[in-house]
Amino acid sequence: MAAVLRKTQQIRSIFRKAPKNPNFLSFLKPLQNPQTPQEPFSTKSSNFPEYEMPSVTWGVIQGRKEKLVSRVIICDYLKSIGIVPDELEELELPSTVDVMRERVEFLQKIGLTIDDINELLRKIGIPRARMGEFVKNYPQCLHTSVVVELVPVVRFLRGLDVEKQDIGYVLMKYPELLGFKLEGTMSTSVAYLISIGVNPRDIGPMVTQYPYILGMRVGTMIKPLVDYLVSLGLPKKILARMFEKRAYILGYDLKETVKPNVDCLISFGIRKEVIASVIAQYPQIIGLPLKAKLSSQQYFFNLKLKIDPDGFARVIERMPQIVSLNQNVIMKPVDFLLGRGISSDDVAKMVVKCPQLVALQVGLMKNSYYFFKSEMGRPVKEIVEFPDYFTYSLESRIKPRYQRLQSKGIRCSLAWFLNCSDHRFEERLQGAYIEAESSGPSFSMGGKLQLPGADIVSEEENESDDEILYRRTVSL
């Protein structure tokens, strides 16, 4: 009996010294939930009793009323040792006060002080509510020096233009950054990305979006991927723009994902000389489960749209986002065209010429088609020959230009007055410029994106918003 009393006095003396700050309670989340009711227990260590582990159970299974009663008892216990449980309203607590007492006792035994936790929270910006999750993902932070090891990493991230409010998010996503040396992998990966043309001001947003790039080795991960994409015909400047917008592309595995996907594109009929153009339009394509997606879409296009594999390959070349487009979305514009009396063969030809058709809103297509039939009074054959008509804005491009043509009594094809910039259209109206109708933009392997006739267009010529809208790839 005397031994029991002495043990009780020792426990009370420990909790009389407990810190009066509730912040550390975010660490008290259980490691697991038991499937059957068990009595709380502790893992004993005869060699190192000062580091006895807390119970791995969360108490016993209780009903709603029992949980409320236990919660009141636990809160009373926390108040008795100087902890204000007001911040624990949305936090699940153990079912018994004994389990809670074990948690508090363990945190004290491992030497975790409230001052250390507060300093860590203030320096690295981890929300208190998520501190437990952070320590679970990166327990090394408990014995890491804040001043010597943590603060320099945070300063390094701030130097990369990572916003202060995003520091916590970055470290929660990739806590291993706190263990990296600044002069090692982090510095070299940033330096290499800048060397290939990435804007230094975009490094911060890239790290925020995909912090894992700071842990990638240049020689074994980043450079081999860049070299391979350059060998396909993608200039480094275009790669830099791709990485700035989608930093996660750097995480694609070269041998397991990228190379097999390029081989898959070729096996489905995409020409080698346009692979670079396909990747530039839709960079995510090199990281998708591509074989399954292409097989599914190719079968769908053949069954529903009567487009053969060769025509499907031309569609992918012009609009690679098709591989990820929902088949129900594809059928809506197709059904609209079929409902206007256009044959299925002509619809197939239109889709192959202008794959953007299958991503358009049917409501806008209806308005454009009504104007084409009622105001312009032209045969449907012209739309079949120039399906791009539906991709232009009715109010800002089609109507104004058609009215200008009517006022001058000019009769021309749809492509002649729509497929050009505002400046070029004015030149055509004045008769100051005459050219044969040309195709759309083309991608030169290993070079820049060039437009036919670009050598005779003034460099000061500015494209209208509609022209830019027409030329850009439909974003999904």
Side-chain angles (χ1 to χ4, degrees), residues 232-234 238 241-242 245-246 249 261-262 264-302 304-337 346-362 364-365 368 383-393 415 418-419 439-445 449-452 466-476:
L232 296 177
L234 280 161
I238 291 181
R241 302 293 85 78
M242 287 168 48
K245 300 299 182 183
R246 300 174 179 85
I249 293 174
N261 278 357
V262 171
C264 180
L265 287 171
I266 295 173
S267 69
F268 273 83
I270 285 78
R271 295 166 293 174
K272 291 183 180 180
E273 59 269 23
V274 299
I275 289 291
S277 174
V278 170
I279 297 175
Q281 292 179 73
Y282 190 43
Q284 300 95 309
I285 199 170
I286 60 175
L288 297 174
L290 195 55
K291 186 174 182 180
K293 286 181 174 292
L294 283 174
S295 299
S296 174
Q297 294 294 59
Q298 186 187 67
Y299 176 79
F300 174 78
F301 271 67
N302 190 19
K304 297 293 185 178
L305 279 69
K306 310 303 180 184
I307 295 177
D308 60 22
D310 185 64
F312 177 75
R314 304 292 81 77
V315 168
I316 297 300
E317 290 177 358
R318 295 184 174 102
M319 186 181 169
Q321 292 90 341
I322 289 287
V323 299
S324 301
L325 196 59
N326 187 283
Q327 293 175 355
N328 291 329
V329 174
I330 294 174
M331 284 307 300
K332 290 180 180 180
V334 171
D335 289 339
F336 168 76
L337 294 173
D346 285 340
V347 170
K349 293 177 183 177
M350 294 170 69
V351 172
V352 173
K353 286 182 180 179
C354 182
Q356 286 79 6
L357 282 177
V358 299
L360 295 177
Q361 296 182 21
V362 174
L364 299 178
M365 294 180 69
S368 297
I383 281 186
V384 175
E385 294 175 351
F386 188 68
D388 309 69
Y389 167 83
F390 288 107
T391 66
Y392 295 103
S393 169
L418 290 177
N419 189 20
S439 60
S442 62
F443 188 89
S444 300
M445 185 172 180
L449 190 66
Q450 296 180 342
L451 290 171
D466 290 284
E467 182 66 12
I468 296 173
L469 179 63
Y470 164 67
R471 291 203 301 107
R472 73 182 183 181
T473 304
V474 177
S475 176
L476 302 180

Would you indicate whether the side-chain heavy atoms of [Y] and [X] approach each other to under 4.5 Å?
{"X": "F301", "Y": "V315", "answer": "yes"}
{"X": "L294", "Y": "L265", "answer": "yes"}
{"X": "D388", "Y": "N419", "answer": "no"}
{"X": "F300", "Y": "M331", "answer": "yes"}
{"X": "F268", "Y": "V323", "answer": "no"}
{"X": "I279", "Y": "M242", "answer": "yes"}
{"X": "S277", "Y": "E317", "answer": "no"}

Criterion side chain to side chain contact (heavy atoms under 4.5 Å, CB included) on I285 and N261, from CA distance to verdict: CA-CA 8 Å; I285 199 170; N261 278 357; over 6 Å; no

Looking only at heavy atoms, what is the nearest atom pair of [X] and [Y], with distance?
{"X": "P387", "Y": "K353", "result": "CG-CB, 3.9 Å"}
{"X": "Y392", "Y": "S368", "result": "O-OG, 4.4 Å"}
{"X": "G269", "Y": "R314", "result": "O-NH2, 2.9 Å"}
{"X": "L360", "Y": "Q356", "result": "CG-O, 3.4 Å"}
{"X": "T391", "Y": "C354", "result": "CG2-SG, 3.9 Å"}

Can you tell me how far the [atom1] atom of [X] sits from the [atom2] atom of [Y], to the nearest 0.5 Å?
{"X": "L418", "Y": "S393", "atom1": "CG", "atom2": "OG", "value": "11.0 Å"}
{"X": "Q327", "Y": "S296", "atom1": "CD", "atom2": "OG", "value": "4.5 Å"}
{"X": "M350", "Y": "I383", "atom1": "CE", "atom2": "CD1", "value": "6.5 Å"}
{"X": "Q297", "Y": "I307", "atom1": "CD", "atom2": "CD1", "value": "11.0 Å"}
{"X": "M319", "Y": "L357", "atom1": "CE", "atom2": "CG", "value": "9.5 Å"}

Which label fits F390 and F336: parallel for a plane angle under 30°, tilted from 30 to 60°, or perpendicular past 60°? perpendicular

Does atom NZ of K349 have more than 12 heavy-atom neighbours from other groups under 6.0 Å away? no

If you count the non-hydrogen atoms of other residues, nucleotides and ligands that lie under 6.0 Å from CD in Q361, is the total more than 12? no

Let's go through Q284 and I249 carefully: what are the C-alpha distance in whole Å and the side-chain angles of both, what is the deciding distance for side chain to side chain contact (heavy atoms under 4.5 Å, CB included) to 0.1 Å, and is it a yes or a no? CA-CA 7 Å; Q284 300 95 309; I249 293 174; 5.7 Å; no

Evaluation steps, side chain to side chain contact (heavy atoms under 4.5 Å, CB included), between M365 and L337: CA-CA 9 Å; M365 294 180 69; L337 294 173; 3.9 Å; yes

Contacts of [X] that satisfy side chain to side chain contact (heavy atoms under 4.5 Å, CB included) - sequence neighbours left out:
{"X": "I266", "answer": "V262, K272, I275"}
{"X": "N328", "answer": "N326"}
{"X": "N302", "answer": "none"}

Per side-chain contact (heavy atoms from CB on, under 4.5 Å), K293 is matched among L325, L288, I322 by L288

